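Below is one structure, written out as structure tokens, with a few remarks after it.
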There are 2 protein chains.
Amino acid sequence: MTAVPSPLRLSPAECTCFRVRSAARRVTQIYSRHLAPTGLRISQFSLLGHVIARGPLSISELSDRLATDRTTLTRNLRPLLASGVIERAAAGDKRRHELVATLAGRALFKRALPMWAAAEQEVRDAMGTKLTADLHVALDRSMEKLAPL
Amino acid sequence: MTAVPSPLRLSPAECTCFRVRSAARRVTQIYSRHLAPTGLRISQFSLLGHVIARGPLSISELSDRLATDRTTLTRNLRPLLASGVIERAAAGDKRRHELVATLAGRALFKRALPMWAAAEQEVRDAMGTKLTADLHVALDRSMEKLAPL
DNA sequence: CGAATTTAGGTGCATATACACATTGAGACT
DNA sequence: AGTCTCAATGTGTATATGCACCTAAATTCG
């Protein structure tokens with residue numbers, strides 16, 4: 001006999017991908033609404049936050065941390081480079097571009113922080129402390145398990 | 001004293017949005033890889049599946065079910081209409097467009113189903129039964145709590 | 001040293017996402 | 001009927017996403 005009670009027939013209604021993507025859309029809208037006055041999208045906020053927190057980073061390093069495709073990052077950086085919140089510094093290796101936040105970038109992030117916090121709080125208020133914690137744990141563990149090959 | 005141990009200072013590292021979006025990207029890649037031979041993206045697979053399962057639907061109804069913006073759906077439908085897997089039937093109300101799956105659409109979905117199942121199984125194998133169940137529960141509850149105003 | 005390989009990054013293309021705004025049909029009210 | 005309002009949908013614009021492919025710099029190896 002088999003050890004695992006195999007889920008012989010999976011139905012598309014049980015799609016993990018659909019669930020995660022739906023949730024991402026919903027949640028994104030809440031944060032977008034709060035961050036709108038700053039001119040930052042939530043992805044830009046995350047990106048900028050990582051660059052500020054983790055110091056100079058190459059695009060590849062950043063794409064690893066953010067679980068985002070490198071080429072996606074290249075394009076997501078464009079508005080931020082254009083508006084001068086992030087700069088590219090030359091590295092020893094001429095292929096690399098070290099990304100650093102400018103003073104304006106840090107100031108913008110500081111201004112945006114309360115609005116991000118309000119969004120985060122709205123989500124937590126709606127979901128409750130327990131569900132928020134459970135969701136975070138489940139998502140964090142999932143990301144570990146689904147780490148790229 | 002306050003009843004709730006208030007999280008006085010939320011740090012961007014605890015961003016729910018970032019977690020959900022990262023997970024969505026990772027998970028999406030796995031399904032995309034499996035579905036590639038079918039020519040269907042995972043979002044198209046979900047969309048087509050819903051149209052097949054829920055019979056004729058208007059765009060607005062579908063956008064509610066999929067938690068997707070209506071205008072996003074309009075554009076996501078384009079490739080599916082162009083390739084003839086979905087059709088628009090006239091409704092009594094001339095504003096409405098009833099969406100129905102064509103025979104070709106149903107056949108395509110049937111062919112794609114095993115590949116979707118393989119993707120779903122890959123995710124479940126990586127995450128384990130418990131974590132998969134926990135994640136689904138957390139996501140389903142979150143979607144309830146975060147239902148649009 | 002010089003060629004092959006690997007590594008960092010960008011581009012072309014196609015889809016995904018959603019807000020603001022425009023359009024058109026249906027229903028209600030006078 | 002005429003008009004006013006609402007409901008269903010599409011468009012313009014901008015960002016997000018990632019695969020296939022390309023370029024150039026660094027490294028490895030004969």
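Values below: every heavy atom of this structure, side chains too, minus hydrogens, waters and symmetry copies. Here is how names work: the chains are called A, B, and so on, in the same order as the sequence lines, proteins then strands, and each is numbered from 1. Note that the coordinates shown come from a computational prediction; the quantities given were computed from them, not determined experimentally.
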Is it true that B:Arg54 and B:Glu61 have a side-chain N and a carboxylate O under 4.0 angstrom from each other? no
Examine the side chains of [X] and [Y] and answer whether a donor and an acceptor come within less than 3.5 Å of each other.
X        : Y       : result
A:Thr68  : B:Arg25 : yes
A:Glu120 : A:Tyr31 : yes
A:Thr28  : B:Arg21 : yes

Would you list the protein and nucleotides 5-7 of chain C atom pairs, both N or O, that sit under 3.5 Å from each other?
unit_1, atom_1, unit_2, atom_2, d
C:dT7, O2, A:Arg95, NH1, 2.6

I need the [X] [atom1] to [Y] [atom2] distance, nearest 0.5 Å.
X        : Y        : atom1 : atom2 : value
B:Leu47  : B:Leu73  : CG    : CG    : 5.0 Å
B:Leu146 : A:Met127 : CG    : CE    : 6.0 Å
A:His97  : A:Leu77  : NE2   : CG    : 11.0 Å

Please enumerate all residues that pass side chain to side chain contact (heavy atoms under 4.5 Å, CB included) together with B:Ala117, with sequence neighbours excluded. none
Atom pair distance, as rounded to whole Å: [atom1] in [X] and [atom2] in [N]:
X       : N      : atom1 : atom2 : result
B:Asp64 : C:dA18 : CG    : C1'   : 15 Å
A:Ile30 : C:dC19 : CD1   : C1'   : 16 Å
B:Leu48 : C:dA16 : CG    : P     : 13 Å
B:Leu62 : C:dT17 : CG    : P     : 12 Å
B:Arg96 : D:dA8  : CZ    : P     : 7 Å
A:Asp69 : C:dG9  : CG    : C1'   : 12 Å
B:Phe45 : C:dT15 : CZ    : P     : 19 Å
B:His97 : D:dA7  : NE2   : C1'   : 13 Å

In terms of the nearest nucleotide of DNA chain C, which residue is placed more toward the 5' end: A:Glu61 or A:Gln29? A:Glu61
Comparing nearest nucleotides in DNA chain C, the 5'-proximal residue of the pair A:Arg26, A:Leu57 is A:Leu57
Any B:Ser32 side-chain N or O less than 4.0 Å from OP1/OP2 of D:dG18: no
State which residue, out of A:Leu80, A:Ile52, A:Val100, fulfils the side-chain contact (heavy atoms from CB on, under 4.5 Å) condition with A:Ile86. A:Leu80
Hey, does B:Thr28 reach any base, or is it just sugar-phosphate, or nothing, if we go heavy atoms under 4.0 Å? nothing
Nucleic acid footprint by protein, nucleotides 11-16 of chain D - heavy-atom cut-off 4.0 Å, B for base, S for sugar-phosphate alone: BBB-SS
